[in-house]
Structures are given as C-alpha cells and as structure tokens.
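Contents: one structure, followed by commentary.
To find a chain, count down the sequence lines: A is the first, B the second, and so on, and within it residues start at 1. Here the structure is a predicted model, which means the values were calculated and not measured. FYI, side chains are in, hydrogens and waters are out, and symmetry mates aren't considered; it's all heavy atoms of this structure.
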Protein chains: 2
Amino acid sequence: MSTPAMRADASQIYRRYLSAVMLHGHASARACELGATDLYALNILHLSGPMTPGELGTRTSLTTGPTTRLIDRLEQAGYVRRVPSPDDRRKVIVEPVGEPAGLDRVMAPARQKIGEILDGYSPEQLDVLFDYFTRAAAAYQAAAEQLRSEDGV
Amino acid sequence: MSTPAMRADASQIYRRYLSAVMLHGHASARACELGATDLYALNILHLSGPMTPGELGTRTSLTTGPTTRLIDRLEQAGYVRRVPSPDDRRKVIVEPVGEPAGLDRVMAPARQKIGEILDGYSPEQLDVLFDYFTRAAAAYQAAAEQLRSEDGV
DNA sequence: CATATTCTCTTCTTCAAAGAAGAGACATCT
DNA sequence: AGATGTCTCTTCTTTGAAGAAGAGAATATG
C-alpha cells in the first residue's frame, strides 16, 4: 500500500482528479459567460462570506477601478448584492446571493453525478470522505492565500 | 448520518471544498503568469495526452488563430512542445512537457499540505479516498464535456 | 498527374478587462 | 469645527486575447 510504484500511481490519480475538477470549473465559467476573474471573486465570496469592495480588490489583486466593474458585472448577473454597511456609510458590503440561477443550472449535472457516486459509499466511508473534504478545503485555501501574498512580493 | 440537516451540511462542506480547490487553481495560474485559457488547455493536455492543435482548438472552443498563439505561449513558457506528426507531415502534435518548472514550484505547497493530510489516513481509508478520486475525475470530465457540447448548440 | 481537401500558421480587426489618476462622500483626530 | 485620511466610484488609456479571412504545405482522390 505504500510501495514507490503505488505512490507514483496515487500521484497520477490525484493529478488527474485535480485536472478534471478544474477543467469542469473552467467549462462552467464559460457556460455561464463568466470571466475567469469573476468566478474567482465569486469563489472568494462563497468561501469567506460578505466583504467590502476594498477587501475583495485586495484578495483578487485588483486595483479599485476593475474591482468596481467586477462587482458591477456580478451584481448585474444576479450573483451578488451591494448592501450599505451599517457602521460606516462610506463602505459597501458585497454579499453573494444564495443559489444563483445560472451557475446552479450549469453545475447541476456534475452535482448529480457526484451525488450518485457518494450514494454508493457506506456511512463510515462517507465520514472519511467528508473529513478529507474539510481538511483539504482548509489546506487549499491556506495555500492559495500563501500564493497571493508571495505574488505581491 | 443522513438526516436532512446532515445533508445540507454535507452540501455546504462540499461546496466549500470545491471553491477552495478552484480558488487555489486560479491563484496558481496567476502566480505562473498563465492566462485562464492557457491553464485550461494545459489541463486538457495533461488529462487526455498529446493531441493536434486542431483538436486542442476544438476542446477549448477556440478558432485556429487563437489556438496557434495559445500553443505559442505555452511552448514559450516551457509547458508544451511541438512535435511533427510521424504519419502526416501537415500535422503537429502538441505534447505536455513533464513537470514544468513554474507550475510545479507554485503547486508545491498545496501538494505538501495534501500529502500530510493523506498521511494521516489508514490504508483502508486511503482506498476509499482514491476510489472516490478516480470516480469523481471521470464524472467531472464527463460533465465538462457535456457542458462544452451544450455550449456549442 | 491534376484537383480538391485538410491542417497549421499569419495578419488584421475587434472587444473585454486591467491599470492610473482623480473626484466625491464620509469618518476620525486634533 | 476644521483638517486629514479612507473608501468607493468614475473616466481615460492601454494591454491582452479572441474572431475572421486567407496563405502555404502536404495528403488524398479521381
């Protein structure tokens, strides 16, 4: 279970898995007529929750001009909403709108396929999988954060 | 283990996981100074192996002009190589170069983190995880293919 | 052997998104 | 209360990638 040959194989499988996930992500973005940065920003919002345009700009490594228009596009497409900040009237809070129609429709087939796959596992096996999902999400998020800060240097 | 509440929670975890993976993918592309389409094409090549520019153009939904320049960029960055086809001298075969330096360096931190996570599981648990990776890769690939063909309609 | 088809590449044009600079509104500090 | 700083938005300019049309090289077919 841990011979070098097995390890190489495992690495191959994982690479393939990652490629497939990202491939599907790109295809989804294209099908939604959403730019790469738009989807990127949307992922940030879904992951970290509502935030100000300023912070979103920082996270996406964008200056204020493009950030405003990025939010304009997302808002116009119905993916996010601009809400005035309660404590500071200069600020605006951008929050994702639950279950946007377009993205949901596009992702549906994949979600169904994954659902069917997960249905085939026992409760104990699902525990393992979701434990992994939770840990991996944190790991990827941390790695992405790290890349972003290094990039700025 | 399967109450409605649990299911909603599971869906949430999975969404978060997917967002994190894609977030990291985008951050990696940006750190490599690689465009969205470039990374998309690279994923296709890693997933389906060497192919002609024509087929790559079809897969990326690009016309011949941008396809040529896409390959130019990838080749110049050292990610792919153009090889003359042995059976048809009009054709060119684009093949990924194993372990491109830039992408590898960028992905290293994430890979290490994931490696550490996987090290924490028993052989039986790893079997479950890699079984999932294999099945999910096929599912995502199929879903992406489906999106692409629908998009063309 | 000649014609038609296929494949890649080049060039020109068009379009979307990012950067730069500055204005207006609001908060904070003295 | 006045001055300074912060936040978002607007405008102009620039860059990068995508589409369209056609040329050149090689294969296949009659």
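For the side-chain contact (heavy atoms from CB on, under 4.5 Å) criterion with B/V94, the lone passing option out of B/L70, B/V80, B/L74 is B/V80.
No hydrogens or angles considered: a donor-acceptor pair under 3.5 Å links the side chains of B/E116 and B/Q112. The closest side-chain donor-acceptor pair between B/Y79 and B/D38, if any, does not fall under 3.5 angstrom.
Distance B/E33 CD to D/dG16 P: 11 Å, rounded to the nearest Å. In this structure, A/Y40 places its OH atom 17 Å from P of C/dA17, rounding to the nearest Å. Between the P atom of C/dA16 and the CG atom of A/L34 lies a distance of 15 Å, rounded to the nearest Å. Distance A/L70 CG to C/dA16 P: 16 Å, rounded to the nearest Å. Regarding B/R73, its CZ atom lies at a distance of 6 Å from the C1' atom of D/dA17, rounded to whole Å. One atom, CZ of B/R89, and another, P of D/dG24, lie 19 Å apart when rounded to the nearest Å.
Each side-chain hydrogen bond (donor to acceptor under 3.5 Å, both in side chains) pair with one or both residues in residues 45-54 of chain B, not counting sequence neighbours, appears once here: B/S48-B/R59.
By the 6.0 Å contact criterion, CZ on A/R89 is open, its count of non-hydrogen atoms from other residues, nucleotides or ligands being 12 or less.
Terminal axes of the helix from C/dC1-D/dG30 to C/dT30-D/dA1 (five pairs each, C1' rotation axis) are separated by 20°, to the nearest 10°.
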Test B/Y121 against A/Y132 for side-chain contact (heavy atoms from CB on, under 4.5 Å), laying out the working first. CA-CA 9 Å; B/Y121 292 109; A/Y132 169 78; 3.6 Å; yes
Intermediate values then yes/no, side-chain contact (heavy atoms from CB on, under 4.5 Å), A/I114 and B/R135: CA-CA 9 Å; A/I114 295 298; B/R135 289 172 196 258; over 6 Å; no
With side-chain contact (heavy atoms from CB on, under 4.5 Å) as the criterion, how do B/D131 and B/D127 come out once you've worked through the C-alpha distance, each side chain's angles and the decisive distance to 0.1 Å? CA-CA 6 Å; B/D131 181 70; B/D127 281 345; over 6 Å; no
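Contact check for B/I93 versus B/R81: no side-chain heavy atoms found under the 4.5 Å cut-off.
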Contact state string [nucleotides 3-14 of chain D, B base, S sugar-phosphate only, - no protein heavy atom under 4.0 Å]: --BBSBBB----
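Regarding contacts with the backbone of C/dA20, every side-chain N or O of A/T63 stays at 4.0 angstrom or more from both OP1 and OP2.
The nucleotide whose nearest atom lies closest to any side-chain atom of A/L62 is, among D/dA17, D/dG19, C/dG19, C/dG19.
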